[in-house]
Amino acid sequence: MVRQVQTHEDLVQVFRALSDPTRLRILRLLAANKTQMCVCELVDCLQERQYNVSRQLKALVAAGVITGEKDGRWVYYGLDSGAQSGAVE
């Protein structure tokens, strides 16, 4: 799902999502890894509790910054390429 930032409210939601230090750490990991990561990998890297990482991922998905792809029991998260190109425009 590619989401374009079109309204003031969309921008506010994106900036709110980026205002949390844990969310920024998640984005940095996803950008550095250049591939999708599952929640368990992010929990190990961030040394945070699973419910906290899941809550932060939910906020980033809602803002359209990352995407989640379910594969069986696992959900893999990665940067939303549409959000990256939309931010540049």
Side-chain angles (χ1 to χ4, degrees):
M1 177 177 147
V2 176
R3 179 175 170 213
Q4 296 290 329
V5 177
Q6 296 186 10
T7 66
H8 175 72
E9 290 79 23
D10 289 339
L11 283 173
V12 169
Q13 188 174 11
V14 169
F15 283 115
R16 279 187 186 150
L18 298 176
S19 68
D20 183 82
T22 303
R23 293 181 199 146
L24 286 175
R25 290 173 58 205
I26 290 170
L27 288 174
R28 192 182 79 207
L29 279 172
L30 292 173
N33 201 24
K34 296 182 182 175
T35 185
Q36 294 182 333
M37 296 177 73
C38 79
V39 177
C40 60
E41 293 170 324
L42 291 168
V43 167
D44 289 342
C45 291
L46 296 170
Q47 296 296 305
E48 295 278 345
R49 297 193 185 271
Q50 186 271 331
Y51 68 86
N52 188 31
V53 173
S54 293
R55 187 171 47 99
Q56 304 300 349
L57 288 167
K58 182 180 177 182
L60 290 169
V61 169
V65 179
I66 65 172
T67 59
E69 187 176 307
K70 189 165 177 123
D71 183 22
R73 289 179 45 181
W74 309 106
V75 179
Y76 292 91
Y77 291 93
L79 295 178
D80 186 354
S81 59
Q84 292 172 357
S85 63
V88 174
E89 296 172 0

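- Of all the heavy atoms in Asn33 and Gln36, the pair that sits closest is ND2-O, 4.2 Å.
- Proximity of Arg25 to Gln56: side-chain heavy atoms (C-beta onward) are nowhere separated by under 4.5 Å.
- Under a hydrophobic clustering in which Ile, Leu, Val, Met, Phe, Trp and Tyr are joined whenever their side-chain heavy atoms come within less than 4.5 Å, directly or via other members, Leu18 and Ile26 fall into the same cluster.
- Side chains of Leu46 and Asn52 form no contact here, defined as non-hydrogen atoms less than 4.5 Å apart.
- When all heavy atoms of Leu29 and Cys45 are compared, the closest pair comes out as CD1-CB, 3.7 Å.
- For the pair Asp80 and Ile66, the minimum side-chain heavy-atom distance is 4.5 Å or more.
- Atom CG of residue Leu60 and atom CD of residue Gln13 lie 10.5 Å apart, to the nearest 0.5 angstrom.
- In this structure, Ser54 contributes its side chain and Tyr51 its backbone to no donor-acceptor pair below 3.5 Å.
- Atoms OG1 and CD, from Thr35 and Glu41 in turn, are 8.5 Å apart once rounded to the nearest 0.5 Å.
- Put simply, the side chain of Gln50 never gets that close to the backbone of Val43: no donor and acceptor are under 3.5 Å apart.
- Looking at Val14 and Asp10, their side chains never come closer than 4.5 Å, going by heavy atoms from C-beta outward.
- When all heavy atoms of Ala59 and Ala17 are compared, the closest pair comes out as O-CB, 4.2 Å.
- Using a 4.5 Å heavy-atom cutoff, the side chains of Val12 and His8 are in contact.
- A single hydrophobic cluster is not seen to contain both Tyr76 and Val61; linkage of ILVMFWY side chains at heavy-atom distances under 4.5 Å, directly or through other members, places them apart.
- Nearest heavy atoms, Arg23 versus Arg16: NH1-O, 3.3 Å.
- Scanning all heavy atoms of the two residues, the minimum distance from Gly68 to Tyr77 falls at CA-CD2, 3.6 Å.
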